[in-house]
Asks: 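Before we start, here is the structure in question, set down as structure tokens.
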Amino acid sequence: MLQTHYQVTTTTTSAHLAQTMTLLSLTNTDLLQKVETELANNPALELVEEHRCPMCKRILPPNRICPVCSQPKNSERDEAIVFISPREDFYTYSGEYFDNEPEEQIIYEGIDLPTFVLRQIATELDPKDRIIVAYILTNLDEDGFLTINSLEIARFHHRLPSEIEALIKRLQRCEPIGVCSKNPREALKIQAEILSETVKLPKLTLEIIEKGLDLISHHHYAELAKQLNTNPNQIELAAKFITDNLNPFPARAYWGDVRNPTEIDNHVYHNPDILIYHLNDNPENPLVVEIILPIRGTLRVNPLFKQAFKTIEAEKAEEWKGDLEKATLLIKCIQQRSNALRLLMEKLVVMQKQFILNGEKSLRSITRAEIAKELSMHESTISRAVSGKAIQLPNKRIVPMAMFFDRSLAYRSLVKEIVEKEEMPLSDNEIQEILAQKGINIARRTVAKYRSMEGILPAHLR
DNA sequence: CTATGGCACGGATT
DNA sequence: AATCCGTGCCATAG
């Protein structure tokens, strides 16, 4: 008797642990998907009606007030406000909410990329074009690239290819700029064109995008310079402009090393899982850390199902019991995931506050193990929580959460700064000496590595 | 001869 | 156990 009881408890807890683990490592995009399939398949699970904060329109759990809007004005607290925020539109490219009344018959659940784009131009479109635009938008891949060509669309809708092209052109000018392009090159081109209407592009920018993307991504500036009959400096200038201002994957978050997009690993990250910003975007205000929960409303076990379960006949009871357990388990695990993320972020904002405010130079090198120790969690828990997640910083840059644990980033940006300020091209050895004067002792070989990681040419080519 | 990049090794981190 | 990272050694280009 005692033994069976023991058996049962251990199996349930280990299942519980296993699921918490897997949920923890999921990004919001994946979690959303998981929850949606569970909702569809499990009658015991229920999504209760949403409660919106009247101020900011965030969806809140029932009977809760919005932690951000309700924050007292006299908040003299130094620490950041960290909270879990159930939001449907976790595609927060600009952080804006759209309150327009829903457009005609095309209704999407929640806000995803297609909806996000559609709402920008729906009102100014000819009604007969809306269907086509919606059709185009449903054929985007995860990076916002078009997976079908304009001819197919034209044939499908009995329209002229040129009309379709024109529509696509208009779509490409929507946020995220360059969406609906065929490939990174086209996306870059659009972005460059739009930018050129307000700023002056470096010479050859368009030519490089057209012909030299491969070479640029491998830093073969000299070779490209030869092809285009110019000098490497010109190329480098343009390359810097491209990497600083343009994004080859418009619908994807900035990720790792933009310069070698081919090497971005298989997980595709688009949306920030966590937002960090100043309250009301005023730098005077305290930091707010918003851990986004991509669920529209609150998940709970359906009380009707629970009631019905008591009166059900024995043969179905087995199946129902399973559903019931699965539902409670999922809810618990999601709570645990949120909780772990919250604890982690509370520590992380304090430790990396300087980095969040002042940029890469001020990144403290901390390890996941240290945090794990402080929170008395297992290292692997932290690892899972960090891996694959994206964070939006106050400057609107979306970076991998792993960046908070990058040991060399601070040094790398120092190297970059030194090179930018140099009068004569400094050799790696000289850079190493400058760093040594600042109390940073790293090997010459390492300086070289950092330099190339930052995409900076060797001294004799500068 | 100097500056730099490739390779590989060992220790740290995950 | 697997992976990442800093570093030393050596070849090569300039």
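We name chains A, B, ... by the order of the sequence lines, and we start the count at 1 in each one.
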Asks: Are A:Ile431 and A:Val419 side-chain neighbours, meaning at least one heavy-atom pair lies under 4.5 Å?
Replies: yes
Asks: To the nearest 0.5 Å, how far apart are CZ in A:Phe355 and NZ in A:Lys361?
Replies: 13.0 Å
Asks: Which part of the nucleic acid, if any, lies within reach of A:Tyr411 when heavy atoms closer than 4.0 Å are counted: base, sugar-phosphate only, or nothing?
Replies: nothing
Asks: C:dT7 C1' sits how many Å from A:Ile440 CD1, rounded?
Replies: 17 Å
Asks: Using a 4.5 Å cut-off on heavy atoms from C-beta on, say whether the side chain of A:Ile356 contacts that of A:Phe404.
Replies: yes
Asks: Name the nucleic acid region contacted by A:Ser380, choosing base, sugar-phosphate or nothing; use a 4.0 angstrom heavy-atom cut-off, strictly under.
Replies: nothing
Asks: Take the protein atom CG of A:Leu409 and the nucleotide atom C1' of C:dC4, then report the distance between them rounded to whole Å.
Replies: 16 Å
Asks: Would A:Ser408 and A:Asp406 count as a side chain to side chain donor-acceptor pair (under 3.5 Å) here? Give the steps.
Replies: CA-CA 6 Å; A:Ser408 61; A:Asp406 190 320; 3.3 Å; yes
Asks: Please indicate whether A:Glu417 has more than 12 foreign heavy atoms, meaning atoms of other residues, nucleotides or ligands, lying under 6.0 Å from its CD.
Replies: yes
Asks: Could you run through nucleotides 4-14 of chain B and give me one letter per nucleotide, 5' to 3': B if any protein heavy atom sits under 4.0 Å from the base, S if only the sugar-phosphate is that close, - if neither?
Replies: BBBBB----SB
Asks: Using a 4.0 Å heavy-atom cut-off, does A:Ile442 contact any base of the nucleic acid, only the sugar-phosphate backbone, or nothing at all?
Replies: sugar-phosphate
Asks: What is the distance, rounded to the nearest whole Å, between atom CZ of A:Arg384 and atom P of C:dT3?
Replies: 15 Å
Asks: To the nearest angstrom, how far is A:Met453 atom CE from C:dG6 atom C1'?
Replies: 11 Å
Asks: Starting at OH of A:Tyr450 and ending at C1' of B:dA3, how long is that distance when rounded to a whole Å?
Replies: 19 Å
Asks: Is there a donor-acceptor contact under 3.5 Å from the side chain of A:Lys306 to the main chain of A:Asn302?
Replies: no
